[in-house]
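Report on the structure given below.
Numbering of residues begins at 1 and proceeds along the displayed sequence. Excluded from the calculations below are hydrogen atoms, water molecules and symmetry mates; all remaining heavy atoms, backbone and side chain alike, are included. Remember, it's 1-based here, ligands and their atoms both numbered in the order they're listed.
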Amino acid sequence: MGKYIIAGNWKMNKLPSETYDFVKSVAEATKDASCEVVCCTPFVCLPEAVRAAKGTHVKIGAENLHFEDKGAFTGEVSADMLLDLGVQYVIIGHSERREYFAETDCTVNKKTKKALEKGLIPIVCVGESLEQREQGVTMTLITNQIKAAFEGIDAAGAKKVVIAYEPIWAIGTGKTATAEQAEEVCAAIRKVLAELYCDKCAGEITIQYGGSMNAGNAAELLSKGNIDGGLIGGASLKTADFAAIVAAAK
Ligand code: PGA
């Protein structure tokens, strides 16, 4: 299946002044990693994160970008700005951005296309709310989110995208999806990708699980055939916890 990637999503945590030492500690604690290790940090932490990751295996990502190249978009950050810093990954369409910052399937698609055009690796987030799960519309919703995110993207581009399946009800709640629930949706996502592109192409795309993944549950989730890594929020803020998840990704 896809390349294993464990990515931390710091969200709005940690200060620029804490970043260098923390990323260095992650690099040290994960130096034997057999997967890709990524720290996605707030914009203002990125310069220090990139400086700390230099010469190590750790890659740095942003948590958002704007889909236009430049111009009158007060408060926004472009792909070129991220690339200029040495950033390689970018999270797109996290459920918190969809909920609090009016991100839609349409902006997710535009941002994904811009990231690919510029050579950033997009981590595209999809996931259902508890209400949607209880209504039995999870698969329909996820299928629609995936189709919309990949609209207008060819197979060569699609293979570079990382997908993070994050059930909203499991994010930051301590309520992890069971490995079976996560695998069921990740397998469905791969099926949609196979229909959009081809089996081989779908097999090469990394599909992560995210939502209260931690040192205790990572191994079981990552043992599933269609789960190729994790997008880690809370547990990415402590080196030992994050390193334990990385160690579980074999
Ligand atoms: P969590 O967050 O690990 O704290 O649940 C995951 C995410 O939102 O990416």
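Annotation: the span from His57 atom NE2 to Thr30 atom OG1 amounts to 3.0 Å, rounded to 0.5 Å. With values rounded to the nearest 0.5 angstrom, Glu184 atom CD is found 8.0 Å from Gln181 atom CD.
Using modelled atom types, one side-chain atom of Ser212 and one backbone atom of Ala170 make a donor-acceptor pair closer than 3.5 Å.
Among residue pairs with one or both ends in residues 237-250, those qualifying as side chain to side chain donor-acceptor pair (under 3.5 Å) are Ser25-Thr239; sequence neighbours excluded.
Neither the backbone nor the side chain of Ser95 has a heavy atom within less than 4.0 Å of ligand 1. Contacts between Asn9 and ligand 1, counted as non-hydrogen atom pairs separated by less than 4.0 Å, involve the side chain only.
Of all heavy-atom pairs between Gly210 and Pro167, the closest is O-CD, 3.4 Å. Scanning both residues, Leu65 and Leu120, for their nearest heavy atoms gives CD1-CD1, 4.0 Å.
Close approach of ligand 1 to Ser212 is summarised as follows: ligand atoms under 4.0 Å from at least one heavy atom of the residue are 1 (P), 3 (O), 5 (O). Ligand 1 places these atoms under 4.0 Å from at least one heavy atom of Ala170: 5 (O). Close approach of ligand 1 to Gly211 is summarised as follows: ligand atoms under 4.0 Å from at least one heavy atom of the residue are 5 (O). Counting atoms of ligand 1 from 1 in the listed order, those under 4.0 Å from a heavy atom of His94 are 7 (C), 8 (O), 9 (O).
Polar contact with ligand 1: absent for Thr173 (N/O pair, distance under 3.5 Å). Polar contact check, Gly234 against ligand 1: a nitrogen or oxygen pair lies under 3.5 Å apart.
Using a 4.0 Å cutoff on heavy atoms, Ala235 does not count as a contact of ligand 1.
For Trp169 and Glu131, the side-chain atoms include no donor-acceptor pair closer than 3.5 Å.
Residues Val124 and Leu82 are members of one and the same hydrophobic cluster, defined by side-chain heavy-atom contacts under 4.5 angstrom among Ile, Leu, Val, Met, Phe, Trp and Tyr.
Nearest-heavy-atom check against atom 5 (O) of ligand 1 across Gly172, Gly8, Gly233 picks out Gly172.
Nearest non-hydrogen protein atom to atom 9 (O) of ligand 1 is Glu166 OE2, 2.6 Å.
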